Amino acid sequence: MTVDEAVDLLGLRVLAGRDLERKVTGGYASDMLSCVMAKAKEGNIWVTLQAHQNVVAVGSLLNLAAIVVTEGVEPDHDTLARADEQGVVVLSSAQDSFAVAGRLYEAGIRGSQPDVALSTG
Amino acid sequence: MIPPLIVQRARELGLEVIAVTDHNAMLNAPAVQEAAGASLTVLPGMEVMSREEVHLVCLFDHVSQAAELQERVWEALPPGENNEEYFGAQYVVDSTGAYLRTETRLLSAATTLSVDDVAMIVHGLGGIVVAAHVDRPWASLIANLGFVPRGLALAGLDLSRRASLEEVERRLPQTVGWGKVVSGDAHRLEEMTARTMLKVQEPTVAELALALKAMSGRRVQID
């Protein structure tokens, strides 16, 4: 899946960045930036409620495909300007992180941890 | 933890400066100041929780400055009442420790202010901000935001009472280069510590800020 396709599928708003044709390599969801720095991978789509300027710095550092900021929270103008400058794609969803991650998972995006076998019992 | 016992414990530990920083409130700072009299400097302040759920120790020289911050923080607190069963009672006491009243506002909630907002407000009021217990995996500037945000008006970093400076700097290299203190973050008397030594001209927040930057001969030494 590309960033573009995720934008269409989830009805996301593009707040910053232009490289929407990039392939999404996987997903990660957390509001703890220290965890994101340790665990998200290059090309991932990151789902978070945080809108602080450090979110963009982490996106740039890890070379993420996109960041989805959830629950309609919008980073401030300076943060988005920096994202544009650094080529970090910032997307916005009115839905919460649970729903966004769930939709992405349904669409085939996986995290870096192996899936837990679903119990049918 | 009532004012006379805090003062007594501070004297036993040989402390000359302490700060009283309740969560999102400064209501008990004046009582501790009064109980201390001239024997001990009590900096009034607050431990503010930002919208990113980062704990920030905000320190001032005067109660009126802390009271102004409290007003700004309370405007940015979500509505709701404290649940004593979960969060404990929020007593306000006098200098003898006698009960005055119970604050019912939910003080353990995060404000809607960002870390940058808090720092700007505190700076504007003449205070300083130290990021609280940055070695912890939660409610910490480093855990929650990964590293110190660019341009943040921050005086320094605080480590929790059992932290080892070497271990923290090895595990969290993004903290290297920042002035640090170790504080008790004491919620109980036995949690008060005397691990931080300040070399300053006088016990003011401006001097503490200089010491954290190791400027003009001021410095901080962690035991």
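Proteins get letters first, then strands, A, B, ... in listed order; numbering begins at 1 in each. Since this is a predicted model, take the numbers as computed values, not measurements.
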(Q) Is it the case that over 12 heavy atoms from other parts of the model lie below 6.0 angstrom from the CZ atom of B:Arg101? (A)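 Counting neighbours around CZ of B:Arg101, more than 12 heavy atoms of other residues, nucleotides or ligands fall under 6.0 Å, so yes.
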
Give a yes or no on whether a salt bridge exists between [X] and [Y], defined as a side-chain N under 4.0 angstrom from a carboxylate O.
X        : Y        : value
B:Asp116 : B:Arg150 : no
B:Glu191 : B:Arg161 : yes
B:Arg171 : B:Glu167 : yes

* To do: Considering only heavy atoms and a distance below 4.5 Å, find which of A:Leu49, A:Asn54, A:Asp31 pairs most often with chain B.
  =>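 Maximum pair count with chain B is reached by A:Asn54.
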
Is B:Ile142 in contact with chain A via its backbone, its side chain, both, or neither, using a 4.5 Å heavy-atom distance?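 Contact with chain A is through the backbone of B:Ile142 alone.
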
Please flag which part of A:Val56 lies under 4.5 Å from any non-hydrogen atom of chain B: side chain, backbone, both or neither.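 A:Val56 has no heavy atom closer than 4.5 Å to chain B.
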
